[in-house]
Amino acid sequence: MGALLWLLIPVLAALAAVVWSTWTTRYRKAGDVAELAGYARFREAMEREEREEVRAEVRSDAA
């Protein structure tokens, strides 16, 4: 009976690992689509910021 209790410990640990892994991957987005969309938004924001800086420089030079 004692051997069965010792066997129960790794079985329960394996079940806990399965539950934890399914819970942690539940909200993950699959694929590179989300990554690429985020990178595209980042590039657009950086280009927009750069254009605003150039416009500010042109305005200050014209004044």
Side-chain angles (χ1 to χ4, degrees):
M1 188 67 174
L4 290 177
L5 288 177
W6 279 106
L7 183 61
L8 189 61
I9 293 171
V11 170
L12 290 177
L15 287 175
V18 167
V19 168
W20 179 79
S21 65
T22 56
W23 180 71
T24 56
T25 59
R26 179 175 50 171
Y27 295 114
R28 294 185 76 185
K29 295 180 181 177
D32 289 334
V33 176
E35 297 283 333
L36 293 174
Y39 180 67
R41 286 193 307 270
F42 171 75
R43 273 194 353 233
E44 290 171 3
M46 294 304 286
E47 289 173 359
R48 187 171 44 241
E49 185 176 306
E50 184 177 294
R51 278 182 273 161
E52 290 172 0
E53 288 176 0
V54 169
R55 287 181 188 160
E57 288 176 8
V58 169
R59 287 182 194 149
S60 65
D61 290 340

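Scope of the values below: all heavy atoms of this structure, side chains included, with no hydrogens, waters or symmetry mates. Note that this is a predicted model, so its numbers are computed, not measured.
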**OP:** Give me the other members of the hydrophobic cluster that I9 sits in, counting Ile, Leu, Val, Met, Phe, Trp and Tyr linked by side-chain heavy atoms under 4.5 Å, directly or via other members.
**Re:** W6
Original post:
For R51, which residues count as a side-chain contact (heavy atoms from CB on, under 4.5 Å) partner, sequence neighbours excluded?
Top reply: E47, R48
Original post:
By the rule that ILVMFWY residues connect when side-chain heavy atoms come within less than 4.5 angstrom, directly or transitively, which residues belong alongside V19?
Top reply: none
